[in-house]
Asker: 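Could you have a look at this structure, given as structure tokens, before my questions?
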Amino acid sequence: MPWAPAARRRGLSREHIFLLAILGATSFFDGYDGSIKALALTQIRETFHLSKAVASAMFAIIYLGALPAMVITRWADRIGRRRMLLWSVFGYMGFSGLTALSPNVETFTVFQFLQQLFLVAEGAIVWTMAAEELPADSRGFGFGVLGMNTALGTGFAAILYGGFLEPNGVSWRWLFVISIPPLLLVAFLRRRLPESRRFVAAKEQGTLAERWQAILGPRVRRWLVLIVVTTFLTQLVQQASTFTIDFLATDRGLSATAANFMLVFAGLPGIPIMVMAGALSDRYGRRLVGCGFALASVLGAIGFFWLPGGIPVLLPCMSLTIVGQLGAWPVLLTYTSELFPTGLRSSASSWANVAGVLGRSGSLALAAPLLAVTSQSVTATVLGIGPIIAIILFAVAFPDTHGRELEEVSGEALAVAATPVGV
């Protein structure tokens, strides 16, 4: 764990580092499983004889799997983070493996829909647990570590497919088969993963939300609306992200291997920057750091889709886009966990997930008719208006939460145990 020395210098205890390592491992497989269908999109389209418009509509349906994930994350606010995290990891890895057996596009869509359900729930619970367990002055750093592991999972998938499987004519299905062995992680998590101290304290003190409607109460309604709106707007870039490899292959003439390795090299600088951005946000604030990286990503995307030229032009623009996204994502995502009390924290994440899936599905659904009449570059530009509006909202409507305990930010009165439960 190369980030462990930096964690110790920040004063994180052995228990904190252990927890981040476990949550980071789940985030790695989250990044892997969440990216492989986009990485192999061109080959998947060929297997099932899909046009770009039909593939976009298919992905819109798949991402709707995040809607029933609300049930799992709501239960995480009722019976505990740890138990629902175990079921979520088991579910998304299992359905990812079953996807390899898909005989047709309908079965592929069903299995990926169900995988999305558990994948989204797992991500929400992981980030909730990290927020609840890490010290106030290190939450951004911890979120950066989780984001870095997610990016590493995506990079591993790109290297595996672009560097080994596709050049040797191996089917995209093996990407999903490789998802099965990490199910052993569930057995390890079951024995060693502690429950969130804040959840245990809220349960003992009777402050858990009894009804799901509590998230709509006046105390948190403003934050809920802002989180939902900004999440929806930022996810309108999903179509451009999903079709990036396909764009390089079909519009710019690159091979699948070259396109995948471009993705890896473009994203390499962003991996350490994610941790750095999280640490900077602990010092200078979420808004300044998060919005700065998000703006850089927008500028990079404009260059990627519109500037003429080959790899010498595409690679730096792609790198700026990815680095900006990787730097902004863990920083701005902290608001979902920081602005809500313990009894509503996972539920808030589920609402953000619903907004995210509506944004992702909306992006792909809107892109389908646009792609039928115009180019990928125009489609990406139109949908890119959403993230620009979101950046403005983050800058003017959100507070700075760095260095403040969750109870101070959310106005919650909660006595929390000194060490993680079960450690």
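One is the number of the first residue; the rest follow in order along the sequence. This is a predicted model, so every value here is computed, not measured.
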Asker: Quick one: which residue pairs count as a salt bridge (Lys or Arg N to Asp or Glu O under 4.0 Å) with a foot in residues 325-342, not counting sequence neighbours?
Answerer: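 For residues 325-342, and leaving out neighbouring residues, the salt bridge (Lys or Arg N to Asp or Glu O under 4.0 Å) pairs sorted by first residue read Arg139-Glu338, Arg286-Glu338.
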Asker: Return yes if a side-chain donor-acceptor contact under 3.5 Å exists between Gln115 and Thr99, otherwise no.
Answerer: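 Gln115 vs Thr99: no donor-acceptor pair found between side chains.
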Asker: Quick one: which of Thr257, Leu160, Asn260 gives a side chain to side chain contact (heavy atoms under 4.5 Å, CB included) with Glu166?
Answerer: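 Filter result, single survivor: Thr257.
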Asker: Contact between Ser88 and Ile125 at the side-chain level, heavy atoms closer than 4.5 Å - yes or no?
Answerer: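 Side-chain contact under 4.5 Å: yes.
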Asker: Met274 and Val145: side chain to side chain contact (heavy atoms under 4.5 Å, CB included), yes or no, with the steps?
Answerer: CA-CA 7 Å; Met274 295 184 83; Val145 170; over 6 Å; no
Asker: Short question: side chain of Arg360, backbone of Ala355 - any donor-acceptor pair under 3.5 Å?
Answerer: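 Between the backbone of Ala355 and the side chain of Arg360 there is no qualifying donor-acceptor contact (under 3.5 Å).
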Asker: Could you give the distance from CG (Leu39) to OG1 (Thr154), rounded to the nearest 0.5 Å?
Answerer: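 Output value for this atom pair is 7.5 Å.
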Asker: Do Val298 and Ile391 have side chains that approach each other closer than 4.5 Å (heavy atoms only, starting at C-beta)?
Answerer: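 The answer is yes; the side chains approach within 4.5 Å.
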Asker: Show your working on side-chain hydrogen bond (donor to acceptor under 3.5 Å, both in side chains) between Thr401 and Arg404 and close with a plain yes or no.
Answerer: CA-CA 6 Å; Thr401 57; Arg404 301 165 63 191; over 6 Å; no
Asker: If the test is side chain to side chain contact (heavy atoms under 4.5 Å, CB included), which one of Tyr161, Phe28, Phe29 qualifies with Phe156?
Answerer: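 Result: among Tyr161, Phe28, Phe29, Phe28 is the only option passing the side chain to side chain contact (heavy atoms under 4.5 Å, CB included) with Phe156.
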Asker: Rounded at 0.5 Å granularity, tell me how far OG1 in Thr334 sits from CZ in Phe398.
Answerer: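 If we round to the nearest 0.5 Å, Thr334:OG1 and Phe398:CZ are 9.5 Å apart.
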Asker: How are the rings of Phe141 and Trp3 set relative to one another: parallel (under 30°), tilted (30 to 60°) or perpendicular (over 60°)?
Answerer: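 Correct class here is perpendicular.
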Asker: Do Ser319 side-chain atoms and Leu315 backbone N/O form a donor-acceptor pair below 3.5 Å?
Answerer: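 A pair under 3.5 Å: no.
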Asker: Answer yes or no: is there an ion pair linking Asp137 with Arg283, defined by an N-O contact shorter than 4.0 Å?
Answerer: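 No.
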Asker: Any idea which heavy atoms bring Arg219 and Gly411 closest together, and the distance?
Answerer: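 In terms of heavy atoms, the two residues are closest at NH2-O, 3.5 Å.
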Asker: Measure across Ser337 and Ala131 and return the closest heavy-atom pair with its distance rounded to 0.1 Å.
Answerer: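 Distance-wise, the nearest heavy atoms are CB-CB, 3.4 Å.
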Asker: Can you tell whether the side chains of Asp400 and Arg287 come within less than 4.0 Å, N to carboxylate O?
Answerer: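 Yes.
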Asker: Which pair of heavy atoms, one from Asp282 and one from Gly140, lies closest together, and at what distance?
Answerer: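 Reported closest heavy-atom pair: OD1-N, 2.9 Å.
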Asker: Please work out whether the ring planes of Trp329 and Trp127 are parallel, tilted or perpendicular, with thresholds of 30° and 60°.
Answerer: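 Tilted, since the angle between the ring planes falls between 30° and 60°.
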Asker: Do side-chain atoms of Ser297 reach the backbone of Thr321 as a donor and acceptor pair under 3.5 angstrom?
Answerer: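 Judged by distance alone, yes, a pair lies under 3.5 Å.
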Asker: Could you tell me whether the side chain of Leu314 reaches within less than 4.5 Å of the side chain of Cys317, counting heavy atoms only?
Answerer: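 Of all side-chain heavy-atom pairs linking Leu314 with Cys317, none is under 4.5 Å.
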Asker: Can you confirm whether the side chains of Asp30 and Ser27 place a donor and an acceptor under 3.5 Å from each other?
Answerer: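 Ser27 and Asp30 do not have a side-chain donor-acceptor pair below 3.5 Å.
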Asker: State whether the side chain of Ser35 and the backbone N or O of Tyr32 hold a donor-acceptor pair below 3.5 Å, judged by distance alone.
Answerer: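 Present.
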Asker: Measure from the ring center of Phe247 to the ring center of Phe243 and say whether it is less than 6.0 Å.
Answerer: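 Centroid separation for Phe247 and Phe243: 6.0 Å or greater.
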Asker: Rounded to the nearest 0.5 Å, what's the gap from CD1 on Ile22 to CG on Leu193? Could you check?
Answerer: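 If we round to the nearest 0.5 Å, Ile22:CD1 and Leu193:CG are 5.5 Å apart.
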Asker: With a 4.5 Å limit on heavy-atom distance, are the side chains of Leu358 and Val354 in contact?
Answerer: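 Yes - at least one pair of side-chain heavy atoms lies under 4.5 Å apart.
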Asker: Does any N or O in the side chain of Thr230 come within less than 3.5 Å of the main-chain N or O of Leu226, such that one atom is a donor and the other an acceptor?
Answerer: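 It does hold such a pair.
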Asker: Which value, rounded to the nearest 0.5 Å, describes the distance between Ile62 atom CD1 and Lys37 atom NZ?
Answerer: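 With rounding to 0.5 Å, CD1 (Ile62) is 6.0 Å from NZ (Lys37).
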Asker: Stepwise, does the side chain to side chain contact (heavy atoms under 4.5 Å, CB included) test hold for Tyr335 with Phe394?
Answerer: CA-CA 10 Å; Tyr335 282 121; Phe394 275 118; 4.0 Å; yes
Asker: Mark yes or no for whether Ser363, through its side chain, and Gly359, through its backbone, hold a donor-acceptor pair below 3.5 Å.
Answerer: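 Absent.
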Asker: Working to the nearest 0.5 angstrom, can you tell me the gap between Ser349 OG and Phe340 CZ?
Answerer: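 Interatomic distance, Ser349 OG to Phe340 CZ, rounded to 0.5 Å: 8.5 Å.
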Asker: Would you compute the distance between atom CE of Met58 and atom OG of Ser51 and round it to the nearest 0.5 angstrom?
Answerer: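 Interatomic distance, Met58 CE to Ser51 OG, rounded to 0.5 Å: 10.5 Å.
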Asker: Just wondering, do Arg252 and Ile311 contact through their side chains at under 4.5 Å, heavy atoms?
Answerer: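 Side chain of Ile311 against side chain of Arg252, heavy atoms only: no contact under 4.5 Å found.
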Asker: For residues 98-121, pull every pair meeting salt bridge (Lys or Arg N to Asp or Glu O under 4.0 Å), keeping only residues two or more places apart or in separate chains.
Answerer: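 As it turns out, there is no salt bridge (Lys or Arg N to Asp or Glu O under 4.0 Å) pair with a partner in residues 98-121 once direct neighbours are skipped.
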Asker: Does one side chain, of Ser96 or Ser179, offer a donor that lies under 3.5 Å from an acceptor on the other?
Answerer: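 Yes, because at least one side-chain N or O of Ser96 sits under 3.5 Å from a partner of the opposite role on Ser179.
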Asker: Apply side chain to side chain contact (heavy atoms under 4.5 Å, CB included) to residues Trp172 and Ile36 and explain how you reach the verdict.
Answerer: CA-CA 9 Å; Trp172 55 265; Ile36 50 182; over 6 Å; no
Asker: Thr231 side chain to Val228 main-chain N or O, any donor-acceptor pair under 3.5 Å?
Answerer: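 Pair absent, no side-chain N/O of Thr231 close to backbone of Val228.
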Asker: May I ask you to decide if Val105's main-chain N or O and Thr109's side chain share a donor-acceptor pair within less than 3.5 Å?
Answerer: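 Side chain of Thr109 to backbone of Val105: a pair is present.
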Asker: Do Leu23 and Leu146 touch side chain to side chain, with heavy atoms closer than 4.5 Å?
Answerer: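 Side-chain contact under 4.5 Å: yes.
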Asker: Can you spot which of Glu133, Glu407, Glu132 makes a salt bridge (Lys or Arg N to Asp or Glu O under 4.0 Å) with Arg198?
Answerer: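 Between Arg198 and the candidates, salt bridge (Lys or Arg N to Asp or Glu O under 4.0 Å) is satisfied uniquely by Glu407.
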Asker: Could you tell me whether Arg83 and Glu195 have a side-chain N and a carboxylate O separated by less than 4.0 Å?
Answerer: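 So Arg83 does not pair with Glu195 through a salt bridge.
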Asker: Given 3.5 Å as the limit, does a donor-acceptor pair link the side chain of Ser102 with the main chain of Asn104, or not?
Answerer: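 No.
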Asker: When you measure from the side chain of Thr73 to the backbone N and O of Ala69, does any donor-acceptor pair fall under 3.5 Å?
Answerer: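 Judged by distance alone, yes, a pair lies under 3.5 Å.
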Asker: Before giving the answer on side chain to side chain contact (heavy atoms under 4.5 Å, CB included), spell out for Thr244 and Gln376 the whole-Å C-alpha distance, their side-chain angles and the decisive distance to 0.1 Å.
Answerer: CA-CA 9 Å; Thr244 294; Gln376 173 64 64; over 6 Å; no
Asker: Could you pull out the closest heavy-atom pair between Leu175 and Ala157, with the gap in Å?
Answerer: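 Reported closest heavy-atom pair: CD2-O, 4.2 Å.
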Asker: Please determine whether side-chain hydrogen bond (donor to acceptor under 3.5 Å, both in side chains) holds for the pair Thr379 and Gln239, giving the CA-CA distance in whole Å, both sets of side-chain angles, and the decisive distance to 0.1 Å.
Answerer: CA-CA 9 Å; Thr379 300; Gln239 192 276 338; 5.7 Å; no
Asker: Restricting to non-hydrogen atoms, name the atom on Ala76 and the atom on Ser346 that form the minimum distance, rounded to 0.1 Å.
Answerer: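 Scanning both residues completely, I find the closest heavy atoms to be CB-OG, 3.8 Å.
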Asker: Is the shortest heavy-atom distance from the side chain of Ile72 to the side chain of Trp87 under 4.5 Å?
Answerer: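 Side chain of Ile72 against side chain of Trp87, heavy atoms only: no contact under 4.5 Å found.
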Asker: Is it true that Arg81 and Asp77 have a side-chain N and a carboxylate O under 4.0 angstrom from each other?
Answerer: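 Between Asp77 and Arg81 there is a salt bridge, with a charged N closer than 4.0 Å to a carboxylate O.
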Asker: Just wondering, do Val331 and Phe293 contact through their side chains at under 4.5 Å, heavy atoms?
Answerer: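 No, every pair of side-chain atoms sits at 4.5 Å or beyond.
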Asker: Please name the pair of heavy atoms, one in Ala158 and one in Val264, separated by the smallest distance, quoted to 0.1 Å.
Answerer: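 Scanning both residues, the minimum pair turns out to be CB-CG2, 3.5 Å.
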